[in-house]
Amino acid sequence: MSLNFDPDKPNYSFVTTDKDYKEALEDLEKRKVLAVDTECTSLDPFESKILLIQIATPEKSYVLDARKLDMKLLKGLLEDSTKLKLLQNSKFDYSQLKAHYDISMTNIFDTMLAERLLTCGLERRNSLGAIVEKYLNIKLKKEVRKSFEGLMSQVTEEQIRYAAMDVLVLFPVFEKQWELLQKEDLVKVARLEFSTVRVVAEMELRGLAIDAIKWKSVIVGLQKKRDELAAKIQETIRPLYKIQQMDLFGGAADVINLNSQQQLLELFNDKLGLAVASTGDSVLEFVNHPVAALMREYRAHEKLISAFGESILEKINKRTGRIHPDFQQIGADTGRFSCNNPNLQQIPRESKEAPFRSCFVPTTGYKYVVADYSSMEMRIVADFTGDENLIKAFEEGWDVHSATAALMFNKEYTPDFKKKFPDLRQAAKTINFGLVYGMGPGRLAVQIGVDTDTAKGYMTKYFETFKQVKAWLDSAARFAVKNGYSMTPIGRKRWYQMPDKSDPNYDRLIGGIERQGKNHPIQGANADATKYALVFLLEKFKELKVDGGIILTVHDEIVCEIREDQAEDWAKVQQEQMEKAAGLFMKKCKPKAEAIVSSNWEH
């Protein structure tokens, strides 16, 4: 394609005076589409200094010296919703501009997110360098980017030229991607993702507070329990070993190192005669022996300590006193968020032994409003399949797993079914969740503690009871294999690399595609609903002038921090908006959200 600029000699102006700045703004105000980028000294908006702000037209890039010019004059231009702004990884630039100049960009097109949508499930190459090389066959000198980190002196001509090119290339990339988004019918999904950028950036900037003292006490409790489990394992296996050693204090020394794979293999194979290939959790969960159970429990505590420990407290920002995690909007190919630095999505549900969530607390005078979708993935299954039995269970307000078990095993549904038939309900619950991930009878047998034949019988009964569910799952699997992609109701796609029929692993690879073809529409629809809800809630904050903001999302859960006297009213709004969001595509089975007001993160 023809370019409106010469890659070897790009047209740019380094703007350092008020006179040139005014002329640049006059030109930019006339344009309907602009490309925007920032060059900063740090990725952390609370620690960085903005050196340059580049704003380009298709023909020319204006590189603004942010150290000399009043960048707040850009507020009207960048907040103008009639102008389309092209950015790469717009969350970063939005956060920097918001933190430094209180500029809230609107009407964003993000080339990184667009590329992610166009390649979900395929090779992930979403950097600007990779995208530009793919669409324009131009190699950008991205190594120059690192030269801005910590820079305090005068910028060089090479840096200015680099900054200018970063925005000029966005116009032809946009043209290519826009054409593909239209061709693949992904415009609706792209608009949702671009609207979500602002919510995610604001959420990260707001951050959340943590009670560090309580957090440390939780870790100490877990360490104590871990050590007790380790001691119990050592005492249990001690009689199996002839040589008994003493420690420095006259007590019995450990028989083996519980973190040694070699010594554990010797224990399970030679001493216990269990014939295991490895001692990984995926193997031990199938081993019916008390030592295997103890070992899994010991490792679970060790994992919690290493994953969360005091390293989480190191993420507290020194300037804000809060934790500001990094969210990836399309962290999974299904469309779900992922989170790191730290990964708050890994924080387990509240429990007596590991009450991590209760350590996250609102600012004095504020409350948390925590809401999540009720049985969302099962409601989506009911909606997709139109299965009357499932839909009835939700309409009647029944416990869906008890209702499932009652139908499967010809029992009368009663409110106390869970108490009367716990084993049957557990089997139904495991199947309900497992079918979404293509679980087979082998895993079902392990999870509910029965033999494989019994598990097969359970699954047969399930699909005989819920015929429409089976029909939809089979159809979804066939669709993915036939078309090479799966799709959510709003059009979010996940592509599959189809194997060659001569591949010796062909059947296994096709089986994987079939499982993902069933899972993606369900999990992806859940992600779509959550993202629509986030966008709706941000608008409601502005409309109702509520003092607070969104601080966290974990799968289909949204947490807001709201001024105490407004929290109860906001809880109703949050619940309504979440149900409205899912209701955009759920028509047969109504979505339900539940919100509570709390003094910590719990639900």
Side-chain angles (χ1 to χ4, degrees), residues 207-238 247-249 251-261 263-264 267 279-282 284-285 287 289-318 320-325 339-364 366-368 370 372 447 551-555 557 559 561 596-603:
L208 62 167
I210 185 171
D211 183 337
I213 295 174
K214 184 174 182 180
W215 185 273
K216 289 178 182 178
S217 72
V218 171
I219 298 300
V220 169
L222 285 171
Q223 290 170 335
K224 181 180 178 183
K225 178 65 176 177
R226 175 202 59 191
D227 294 344
E228 289 172 354
L229 287 164
K232 190 172 182 179
I233 294 171
Q234 298 288 352
E235 288 306 308
T236 302
I237 66 175
R238 194 175 302 282
D247 62 22
L248 294 174
F249 304 99
D254 288 346
V255 179
I256 64 168
N257 177 359
L258 296 182
N259 297 315
S260 167
Q261 169 77 351
Q263 292 182 38
L264 285 173
L267 167 67
T279 62
D281 194 67
S282 60
L284 293 187
E285 71 171 318
V287 178
H289 193 282
V291 173
L294 283 170
M295 194 65 209
R296 292 187 70 207
E297 193 178 355
Y298 164 80
R299 282 177 172 167
H301 282 73
E302 182 66 32
K303 185 177 179 180
L304 284 172
I305 294 163
S306 61
F308 303 117
E310 294 199 17
S311 61
I312 291 280
L313 302 182
E314 294 170 4
K315 303 299 181 183
I316 298 174
N317 188 285
K318 292 181 175 58
T320 67
R322 293 164 75 92
I323 290 175
H324 301 270
C339 176
N340 57 45
N341 200 31
N343 185 358
L344 297 185
Q345 291 188 332
Q346 279 190 337
I347 304 286
R349 288 282 183 181
E350 195 72 359
S351 67
K352 184 178 180 181
E353 197 166 68
F356 285 114
R357 290 194 173 200
S358 64
C359 298
F360 293 92
V361 292
T363 302
T364 303
Y366 288 75
K367 291 283 188 181
Y368 281 165
V370 186
D372 66 0
Q447 292 200 3
I551 61 165
L552 187 62
T553 181
V554 177
H555 304 314
E557 177 183 16
V559 184
E561 187 174 27
I596 63 165
V597 177
S598 177
S599 295
N600 52 48
W601 176 22
E602 64 180 352
H603 197 278

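All values below were derived from every heavy atom in this structure, side-chain atoms included, with hydrogens, water molecules and symmetry-related copies excluded.
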*Asks:* Side-chain contact test, heavy atoms from C-beta onward, threshold under 4.5 Å: evaluate it for Y368 versus L208 and give yes or no.
*Replies:* yes

*Asks:* If you look at every heavy atom in P342 and I323, which pair is closest and at what distance?
*Replies:* CD-CG2, 3.6 Å

*Asks:* Counting distance only, does the side-chain N/O of Q263 pair as donor-acceptor with the main-chain N or O of N257 below 3.5 Å?
*Replies:* yes

*Asks:* Is W601 close to I210 at the side-chain level, that is, under 4.5 Å between some pair of heavy atoms?
*Replies:* no

*Asks:* Do L304 and R226 come close enough that some side-chain heavy atom pair is under 4.5 Å?
*Replies:* no

*Asks:* Could you check whether the rings of F360 and W215 sit parallel, tilted or perpendicular, using 30° and 60° as the cut-offs?
*Replies:* perpendicular

*Asks:* Is E235 salt-bridged to K232, going by a charged N under 4.0 Å from an acidic O?
*Replies:* no

*Asks:* Do F308 and N343 come within less than 4.5 Å of each other through their side chains, counting heavy atoms only?
*Replies:* no

*Asks:* Mark yes or no for whether E350, through its side chain, and S358, through its backbone, hold a donor-acceptor pair below 3.5 Å.
*Replies:* yes

*Asks:* My understanding is that only one of E353, K225, K224, E228 makes a side-chain hydrogen bond (donor to acceptor under 3.5 Å, both in side chains) with H301; could you say which?
*Replies:* E353

*Asks:* Examine distances only and state if a side-chain atom of Q223 and a backbone atom of I305 form a donor-acceptor pair shorter than 3.5 Å.
*Replies:* no

*Asks:* For the backbone of D372 and the side chain of E557, can you confirm whether one donor and one acceptor N or O come within less than 3.5 Å of each other?
*Replies:* no

*Asks:* Among L258, L264, V287, find the one that has a side chain to side chain contact (heavy atoms under 4.5 Å, CB included) with T279.
*Replies:* L264

*Asks:* Are K367 and S599 packed together at the side-chain level, in the sense that at least one heavy-atom pair is separated by less than 4.5 angstrom?
*Replies:* yes

